[in-house]
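Below: the structure, in structure tokens.
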2 protein chains.
Amino acid sequence: MRIDREQATQVTMPAKEHRRTRQRAAVDEVLDETDDFISAQELHALLRARGAGVGLATVYRTLQTLADDGRVDVLRSDAGEAVYRRCVREEHHHHLVCRSCGATVEIAGPTVERWAKSVADQHGYTDVSHTLEIFGTCPRCAAA
Amino acid sequence: MRIDREQATQVTMPAKEHRRTRQRAAVDEVLDETDDFISAQELHALLRARGAGVGLATVYRTLQTLADDGRVDVLRSDAGEAVYRRCVREEHHHHLVCRSCGATVEIAGPTVERWAKSVADQHGYTDVSHTLEIFGTCPRCAAA
DNA sequence: TGCCGTTTTGACAATGGTTGTCACTCTTGA
DNA sequence: TCAAGAGTGACAACCATTGTCAAAACGGCA
Ligand SMILES: [Zn+2]
Ligand SMILES: [Zn+2]
Ligand SMILES: [Zn+2]
Ligand SMILES: [Zn+2]
């Protein structure tokens, strides 16, 4: 297994400058309007539907860049597909996601962070990072 | 995005009976000997290397079945590849994985479980599940 | 032990998300 | 305005995973 996360650089690198293009603006716009996690394919379909055509490869590249710069959050759907979301918080946080409608709540708390750190310390692991997502049925979907 | 986890049934279903075959025994053996998370492809290559040839499709099916029965844990590598591991604990737990060598420590603690539950409750989410993995550099790799 | 319905296997095709290619276009700073 | 180089897009290539389906293996039963 290979696990390469650019953890160290992610914190120190100030996010390299990128050029402003119509395509990136279009992707940005969709991300701003969308509150759920969305896949590259879905985003591409949306853009095509609204007329602002953007190449699929470009959508992938743009999302990748945004993710690298920490401007969008990425997680993997159960199908293994990467899904993206522009989050309100810039800092490290996690997500409470509705399984049926995708409604997402951003979660940030020192509790888990401390716990993860302490667990890693206990076993002598260094340079620690973690992934954590909570899934459930949101109130609205539960009512339906 | 689609998130379909058979959460409810996973707890109640008593794991259906399966036939004993040479191929499944071979996969089982490798899993027992391997302490790291391993991908279907890697497992298949291992089997081929040690002479006990097993079809790739069979390896995939076997791992899938084992995962469904809760006899192996699955998580996704950064490359999005599914990786499997036979865990000591049968009950719900998490993993502290070394990024460079894959050495894994099983983690079980009520702290996060309670935290996740409480966070979900606060937002009215029900039928809650979560995914959590911790990555780091193990002492051995840090020393090297 | 031999038979039979059922499960499992495996070689291969097919799927589908993602990345690579490369000539062409656009952005940016001078 | 202009040149350098970043960005784009149509398409091919990749590669993990799943579907197909006839042949082989398994397990219970006579
Ligand atoms: Zn987020
Ligand atoms: Zn965290
Ligand atoms: Zn485990
Ligand atoms: Zn847990």
Can you measure B:Leu63 atom CG to C:dG10 atom P for me and round it to whole angstrom units? 14 Å

What is the distance from OH of A:Tyr84 to P of C:dT18, rounded to the nearest Å? 6 Å

Go through the N and O atoms of the side chain of B:Arg61 and the base of D:dG19, and report whether any donor-acceptor pair is under 3.5 Å. no

Check every atom of D:dG9, C:dT19, D:dA16 against the side chain of A:Tyr60 and return the nucleotide holding the closest atom. C:dT19

Whichever of A:Thr21 and B:Gly80 has its nearest DNA chain D nucleotide further upstream toward 5': A:Thr21

Ion pair A:Arg24/A:Asp28, N-O distance below 4.0 Å: no

Contact nearer the 5' end of DNA chain D, comparing B:Arg22 with B:Ala40: B:Ala40

Could you work out which one of D:dA6, C:dT18, D:dT17 sits closest to the side chain of A:Arg19? D:dA6

Taken to the nearest 0.5 Å, the spacing of A:Leu75 CG from A:Thr104 OG1 works out to 8.0 Å

Between the two ends of the helix from C:dT1-D:dA30 to C:dA30-D:dT1, what is the bend in degrees, rounded to 10 degrees, where each end axis spans five pairs? 30°

In whole Å, I'd like the distance from the CD atom of A:Glu42 to the P atom of C:dG16. 15 Å

Quick one: B:Glu17 CD to C:dT6 C1', roughly how many Å, whole number? 14 Å

Which of C:dT18, C:dT27, C:dT6 is nearest the side chain of A:Leu56? It is C:dT18

Carefully, step by step, assess A:Leu66 and A:Leu31 under the rule side chain to side chain contact (heavy atoms under 4.5 Å, CB included). CA-CA 11 Å; A:Leu66 287 172; A:Leu31 286 174; 3.6 Å; yes

In whole angstrom, what separates A:Arg24's CZ from C:dC26's P? 15 Å

Nearest whole angstrom, please: distance from the P of D:dG7 to the CG of A:Asp68. 13 Å

Would you call A:Trp115 and B:Ile134 a side-chain contact if the rule is heavy atoms closer than 4.5 Å? yes

d(NE2, B:His18; P, D:dG28) in whole Å: 15 Å

Which nucleotide in D:dG9, C:dA11, C:dT8 has an atom nearest any side-chain atom of B:Ala57: C:dA11

Looking only at the side chain of B:Glu81 (C-beta and beyond, no hydrogens), which of the listed nucleotides D:dT8, D:dA16, C:dG10 gets closest? D:dA16

For the pair B:Leu56 and B:Gln41, evaluate side chain to side chain contact (heavy atoms under 4.5 Å, CB included) and give the outcome as yes or no after the intermediate values. CA-CA 7 Å; B:Leu56 179 58; B:Gln41 303 275 355; 4.1 Å; yes

Starting the side chain at C-beta, find the nucleotide from C:dT6, C:dG17, C:dT28 nearest to A:Gln41. C:dG17

With a 4.0 Å limit, can you tell me whether A:Gln23 has a side-chain N or O closer than that to the phosphate oxygens OP1/OP2 of C:dT25? no

Rounded distance [0.5 Å steps], OH in B:Tyr125 versus CZ in A:Arg140: 9.5 Å

Starting from P on C:dT18, measure out to CG on B:Asp78 and report it in whole angstrom. 14 Å

Only one of B:Asp36, B:Asp73, B:Asp35 clears salt bridge (Lys or Arg N to Asp or Glu O under 4.0 Å) with B:Arg85; which? B:Asp35

Only distances under 3.5 Å count here; give the side-chain donor-acceptor pairs of residues 44-51 of chain A to other protein atoms, sequence neighbours excluded, each with its distance to 0.1 Å.
from, atom 1, to, atom 2, distance (Å)
A:His44, NE2, A:Val54, O, 3.2
A:Arg50, NH2, A:Glu33, OE1, 3.0

